[in-house]
Amino acid sequence: MQRLMEWTTDNNTLKKTFTFADFTEAFAFMTKVAITAEKMNHHPTWTNTYNTVSFALSTHDAGNIVTDKDRKLAKEIDRLATNR
């Protein structure tokens with residue numbers, strides 16, 4: 001996976017893109033994130049194209065702003081990306 005970069009804030013969202021070796025690796029990462037997000041009851045907005053997964057996190061029920069829920073999920077996403 002590409003070296004981890006920091007999350008950026010843009011238009012009231014936390015954003016970050018991860019690049020993996022191939023689609024299978026990217027999809028495995030997405031599966032881990034999906035399980036974690038479900039447990040946290042906080043579901044990300046994300047996209048996947050081949051080996052790239054991009055996130056845009058905001059809390060919809062708080063008016064689409066960044067909250068502690070987003071920061072906690074971002075931290076978990078980073079943890080999953082580094083602990084493959």
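For reference, positions follow the sequence shown, starting with 1.
In this structure Phe23 satisfies the ring pair (Phe, Tyr, Trp, His ring centres under 6.0 Å) test together with Phe27, sequence neighbours excluded. Partners of Asp10 by side-chain contact (heavy atoms from CB on, under 4.5 Å), not counting sequence neighbours, listed by chain and number: Lys15. With sequence neighbours excluded, no residue satisfies side-chain hydrogen bond (donor to acceptor under 3.5 Å, both in side chains) with Asn12. Evaluation of the side-chain contact (heavy atoms from CB on, under 4.5 Å) rule for Asp22 yields Thr24, Glu25, Tyr50 as partners, not counting sequence neighbours.
Rounded to the nearest 0.5 Å, atoms CG (Asn64) and CG (Asn11) are 9.5 Å apart. Note that CG of Leu14 and OG1 of Thr8 are 8.0 Å apart. Values are rounded to the nearest 0.5 Å. Taking NZ from Lys32 and CZ from Arg79, the interatomic distance works out to 9.5 Å, rounded to the nearest 0.5 Å. Thr17 OG1 to Asn48 CG: the interatomic distance, rounded to the nearest 0.5 Å, is 11.0 Å.
Val66 and Met40 fall within a single hydrophobic cluster, where Ile, Leu, Val, Met, Phe, Trp and Tyr are joined by side-chain heavy atoms under 4.5 Å apart, directly or via other members.
Pairs passing the side chain to side chain donor-acceptor pair (under 3.5 Å) check and including a residue from residues 35-47, sequence neighbours excluded, read Glu38-His43, His42-Asp70.
Using a 4.5 Å heavy-atom threshold, the side chains of Phe55 and Leu73 count as separate. You'll find the side chain of Phe29 reaches within 4.5 Å of the side chain of Leu80, heavy atoms only. Residues Lys16 and Leu57 fail the side-chain proximity criterion, which asks for heavy atoms closer than 4.5 Å.
Classification of the Trp7-Phe18 ring pair by plane angle, with boundaries at 30° and 60°, yields perpendicular.
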Item checked: Residue pair Arg71, Asp68: steps toward the salt bridge (charged side-chain N to carboxylate O under 4.0 Å, His left out) verdict -> CA-CA 5 Å; Arg71 288 184 274 280; Asp68 283 338; 3.1 Å; yes
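With Thr67 contributing its side chain and Lys69 its backbone, the two residues share a donor-acceptor pair below 3.5 Å.
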